[in-house]
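Naming convention: chains lettered A, B, ... in sequence-line order (proteins, then strands); numbering from 1 in each chain.
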2 protein chains.
Amino acid sequence: MSQAEATLPAGRDVVLGAALEAFFEQGYHGTSMRNIAARAGSAVSHAYYYFPSKSDLLRALILQVTADLLAALKVARAGAGPAPEAQLRAIVRAHVALHTERQAESFVGNTELRSLGEGDRAQAVALRDQVGALFRNVVSAGMDRDVFRCPHRDEAVLAIMTMCTSVATWYRADGPLPAEVIGERYAELALNMVGWQNN
Amino acid sequence: MSQAEATLPAGRDVVLGAALEAFFEQGYHGTSMRNIAARAGSAVSHAYYYFPSKSDLLRALILQVTADLLAALKVARAGAGPAPEAQLRAIVRAHVALHTERQAESFVGNTELRSLGEGDRAQAVALRDQVGALFRNVVSAGMDRDVFRCPHRDEAVLAIMTMCTSVATWYRADGPLPAEVIGERYAELALNMVGWQNN
DNA sequence: AAAATATTTGAACATTCGTTCAAATCATAA
DNA sequence: TTATGATTTGAACGAATGTTCAAATATTTT
């Protein structure tokens, strides 16, 4: 017999996906284990078969997406060649891409950090700091070679990162612009912010 | 007899301030009425003397700060003279100023909109839309007079607003820069984003 | 086939939740 | 003083919370 049509068997990923959906829509504390179970189409106790607690669901989601973001940015930078403007363009594009393709995870990762336990939060913050360091390095390189000119590097970097992160707040897949176009335009904005002079 | 030294009498503002503090630190759903009462130094039932429900506390906070933001931006623009670059500078400064001076309210207003009831949320969103329209008008005026040159106005406006809003996320009063300096630097970034050419 | 393992369940647990209310206290005015 | 109204309280309500667990069901292995 092929798969049932009603509710396919609920495994680890189904529970995690249901938790993500719920956290995204209602927030971590606004979501109950019963709500997650209902979305997953299984019993509450079933979720506890895969995850020891509610906060472990949040941890799994946040650490995963944060690590993936850092990895994606490293790949993007490595593939962009040596020019700082190309590298900045690449990491802004990659940042926006991940925050649109995996919007729910990104949003939850940015808004529910405080709901994480102390140790897990420190782990996530460490990853986030590495993302910040990567942006800072790229901008610094451009300033050293005088291809970027901005009077306040740290504020520019912070502003670029927060504007990119906020994409997960307002993006709609059925909006007027495809995600790639948004990434492209945000890259241009970022280059303006660091004072890149197009020749 | 003068005021008691231990716990001064708890009025409406004390309860509201305690709720703000709690919502800011733990989020709306992560905060219990008992926690608010403990911070206010009064009984749980005391909070219900001033507010009919927990969500009314949130509504009072969010509608107040959102209306104040819109009003502050209008004042800033009106006082900046006719030049678009002066107006943009003024509203960015005012935006950052409010998001630092009233950081907790701003943060809660930006993150807990979804926890509001349907009607109240619509009211807050309407105010927010007016803030967006104000920014858009200023940028449009600059583009019409060719003092701003940016290929994608809407994305620039959105990015400026989100980067300014995010200040409430990371700002610390004991950080390295005074709030006014942050506002000044963010204004420069915004002018870069809309392609303002300094003469 | 039976045995062993992996998955899924419903019912129950102690605790905390938002909210209500009658009674107690305080301040003010007559 | 007594009387009136505003403020504050402790105790209680039913409902919802995160979590546990022994039993039931599938699945795999022998």
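Within the 3.5 Å criterion, the main-chain N or O of T169(B) finds no donor-acceptor partner in the side chain of S166(B). Looking only at distances, no side-chain donor or acceptor of E85(A) sits under 3.5 Å from a matching main-chain atom of W196(A). Remark: side-chain polar atoms of R77(A) are not paired, donor with acceptor, to backbone N or O of Q87(A) under 3.5 angstrom.
Distance, H46(A) NE2 to dA6(C) C1': 11 Å, rounded to whole Å. In this entry the distance linking CG of L57(A) with C1' of dG18(D) reads 12 Å, nearest Å. Regarding H29(B), its NE2 atom lies at a distance of 14 Å from the P atom of dA16(D), rounded to whole Å. Rounding to whole angstrom units, OH of residue Y49(A) and P of dA24(D) are separated by 18 Å. Regarding N35(A), its CG atom lies at a distance of 19 Å from the P atom of dA15(D), rounded to whole Å.
Heavy-atom minimum distance, M163(A) versus A159(B): SD-CB, 3.8 Å.
Taking the six-membered ring for Trp and thresholds of 30 and 60 degrees, W170(B) and Y186(B) have ring planes inclined between 30 and 60 degrees apart.
For S32(A), the listed nucleotide lying nearest its side chain is dG18(D); candidates were dT7(D), dG18(C), dG18(D).
Cation-pi geometry between K54(A) and Y28(A) is met: the NZ or CZ atom falls under 6.0 Å from the ring centre, inside 45° of the normal.
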Using a cutoff of under 3.5 Å, can you pull out all pairs of nitrogen or oxygen atoms linking the protein to nucleotides 19-21 of chain C, with atom names and distances?
residue	atom	partner	partner atom	Å
dT19(C)	OP2	Y48(B)	OH	2.7
dT19(C)	OP2	K54(B)	N	2.9
dT19(C)	O5'	Y48(B)	OH	3.4

